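Here is the structure we will look at, set down as structure tokens.
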Amino acid sequence: MVILNTLAPYSDENGNQIIYGGREVPNVRIEFTGSGNRFEIASEVRLGKLNVAFDCDNGTLQMAGNRFGVFSAFIRIGQDSLVSLGQDLTTTNTCVISAVEGTSVLIGNDVMLASDNEIRADDGHAIFDVATEQRVNWSKDIAIGNHVWVAKRAVLLSGAQVGDGSVVGFGSLVTGRIPNNCVAAGIPARVTRRDVAWERPHLSRARPFYKPDASTVTKSPYWSTTADGVHGGPFAAVVESGDEVFVVQFPSESEARLWAEQHGDANIRISPLMKPGTAAKHMAPMDEEQASRA
């Protein structure tokens with residue numbers, strides 16, 4: 001293992017590299033355990049506390065610069081995995097980002113992470129079904145769009161996707177798809193308001209100190225209505241049994257797929273309920289376990 005405590009250009013005989021053209025930055029921690037890892041970082045980056053662990057081989061971390069504040073994180077990159085961080089990504093304090101087993105975490109431009117956020121494409125440890133001995137918690141890619149605000153203590157787990165201009169509420173848990181320009185909150189996160197936009201100026205640190213309408217801020221390019229084609233839920237497991245078809249509704253695609261995997265029926269398919277009212281006509285009565293998931 002190689003441990004570096006200064007951000008500066010670097011390469012070694014194992015093919016590990018840091019591609020960087022800015023001034024040296026002290027008080028960081030960058031670990032290279034394997035080979036063929038690559039850290040590409042913009043010269044204008046502004047860092048707070050940074051700890052990067054390349055645990056395996058062929059991992060890549062790409063980090064753009066930022067103008068609005070600083071970026072602090074612990075980032076773990078596993079075998080064949082990618083973490084790509086866009087322009088003007090900021091954090092209030094240290095966040096956790098993890099991608100292993102060939103997964104990717106992609107974060108767009110002008111994203112604002114608050115405090116105590118975690119973005120994990122993996123669970124850190126494998127879980128197996130006792131009967132089949134097969135893995136049940138596969139790692140999955142995470143994608144966060146441009147101009148997304150992730151509020152304090154919100155967590156994004158494997159398979160999470162958040163569209164441009166959206167807000168993830170305080171303490172929320174995202175496991176599926178959140179569309180653009182909406183507020184999503186809860187465990188699991190559900191869309192609570194559509195057709196919204198947000199801007200960075202703080203309520204008490206940026207004038208005017210009352211902001212009743214959009215005239216009090218400078219609009220970013222991300223003022224859009226929520227697109228119906230990107231649906232964050234509900235989703236359905238459509239079950240075909242003989243001549244009968246019934247639907248079990250879930251708040252996210254990931255939960256629907258988990259239920260389908262647990263029931264192990266090849267005739268189960270997953271689809272978004274774009275018209276919940278229509279789908280409700282076909283809803284089968286749910287037992288307590290299903291109802292707790294819906």
Side-chain angles (χ1 to χ4, degrees), residues 45-52 63-64 66-76 83-99 105-124 142-207 209-212 216-217 220 222-223 226 232-233 251-252 254-255:
V45 72
R46 299 170 64 185
L47 297 175
K49 181 179 180 180
L50 182 65
N51 186 334
V52 180
M63 187 182 300
N66 49 332
R67 298 166 294 167
F68 300 127
V70 298
F71 176 73
S72 298
F74 170 76
I75 303 174
R76 183 182 302 281
V83 173
S84 179
L85 309 177
Q87 188 78 27
D88 296 325
L89 168 63
T90 61
T91 61
T92 301
N93 65 15
T94 304
C95 68
V96 174
I97 300 173
S98 179
V105 171
L106 309 179
I107 301 179
N109 299 325
D110 190 24
V111 170
M112 186 169 70
L113 302 180
S115 304
D116 306 321
N117 297 128
E118 299 200 19
I119 302 168
R120 294 179 173 271
D122 59 277
D123 294 336
I142 291 177
I144 300 174
N146 300 313
H147 193 66
V148 171
W149 171 15
V150 181
K152 185 173 183 177
R153 297 180 186 167
V155 175
L156 282 72
L157 297 183
S158 58
Q161 298 182 38
V162 183
D164 293 352
S166 285
V167 179
V168 179
F170 184 102
S172 298
L173 178 65
V174 182
T175 59
R177 293 178 182 150
I178 302 299
N180 69 290
N181 291 90
C182 68
V183 177
I187 301 176
R190 307 186 191 200
V191 174
T192 59
R193 187 167 186 124
R194 298 161 61 86
D195 302 332
V196 302
W198 68 276
E199 298 300 344
R200 281 182 177 262
H202 194 276
L203 293 179
S204 67
R205 299 178 63 187
R207 293 179 181 275
F209 299 134
Y210 289 93
K211 298 178 176 66
T216 61
V217 297
S220 66
Y222 300 101
W223 284 60
T226 302
S252 70
S254 60
E255 289 179 272

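Starting from 1, each residue takes its place in the sequence as its number. Just so it is clear, the values below take in all heavy atoms, side chains as well, and ignore hydrogens, waters and symmetry mates. Predicted, not measured: the structure shown is a model, and the values here were computed from it.
Ion pairing between a basic and an acidic side chain is recognised when a charged N comes within 4.0 Å of a carboxylate O; Arg200 and Asp110 show such pairing.
Glu118 is not listed as a side-chain neighbour of Cys95, based on a closest heavy-atom distance of 4.5 Å or more. Side-chain contact between Val191 and Pro179 is present, with heavy atoms from C-beta onward closer than 4.5 Å. For the pair Ile107 and Leu89, the minimum side-chain heavy-atom distance is below 4.5 Å. Side-chain contact between Asp116 and Asn93 is present, with heavy atoms from C-beta onward closer than 4.5 Å. At least one side-chain heavy atom of Met63 sits less than 4.5 Å from a side-chain heavy atom of Val45.
Residues Ser172 and Gly186 approach most closely at OG-N, 3.0 Å, considering heavy atoms. The two residues Val148 and Gly165 make their nearest non-hydrogen contact at CG2-N, 4.2 Å. Taking both residues in full, the closest heavy atoms of Gly159 and Ile142 are given as N-CG1, 4.1 Å, listed atom of the first, atom of the second, then distance. Nearest heavy-atom pair, Ile75 versus Leu85, reported as atom, atom and distance to 0.1 Å: CD1-CD1, 4.1 Å. Residues Pro188 and Thr175 come closest through the heavy atom pair CB-OG1, 4.3 Å. Heavy atoms only, all atoms of each residue included: Val70 and Gly48 are closest at CB-N, 4.0 Å.
Arg120 pairs in a side chain to side chain contact (heavy atoms under 4.5 Å, CB included) with only one of the listed residues (Val105, Leu157, Val155, Leu156), which is Leu157.
Asn146 contributes no side-chain N or O that, together with a main-chain N or O of Gly108, makes up a donor-acceptor pair within less than 3.5 Å. Judged by distance alone, with hydrogens and angles left aside, the side-chain atoms of Asn181 form a donor-acceptor pair with the main-chain N or O of Tyr222 at under 3.5 Å. Judged by distance alone, with hydrogens and angles left aside, the side-chain atoms of Thr226 form no donor-acceptor pair with the main-chain N or O of Arg194 at under 3.5 Å.
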Query raised in the report: Does the pair Leu113 and Thr90 meet the rule for a side chain to side chain contact (heavy atoms under 4.5 Å, CB included), with working shown?
Result: CA-CA 6 Å; Leu113 302 180; Thr90 61; over 6 Å; no
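Donor-acceptor pairing under 3.5 Å is recorded for the side chains of Ser98 and Asp122.
Going from atom CG of Leu203 over to atom NZ of Lys211 covers 5.5 Å, rounded to the nearest 0.5 Å. Taken from CZ in Arg46 to CG in Asp88, the straight-line distance is 10.0 Å, to the nearest 0.5 Å. Considering OG of Ser115 and CZ of Phe170, their distance stands at 9.0 Å, rounded to 0.5 Å. How far SG of Cys182 is from CG of Asp195: 9.5 Å, rounded to the nearest 0.5 Å. Taken from CZ in Phe71 to OG1 in Thr94, the straight-line distance is 9.0 Å, to the nearest 0.5 Å. Annotation: the span from Met112 atom CE to Asn117 atom CG amounts to 10.5 Å, rounded to 0.5 Å.
No more than 12 heavy atoms of other residues, nucleotides or ligands sit less than 6.0 Å from atom NZ of Lys49. Within a 6.0 Å sphere centred on OH of Tyr210, heavy atoms belonging to other residues, nucleotides or ligands number 12 at most.
By the 30° and 60° cut-offs, the orientation of the rings of Trp149 relative to Trp198 is tilted.
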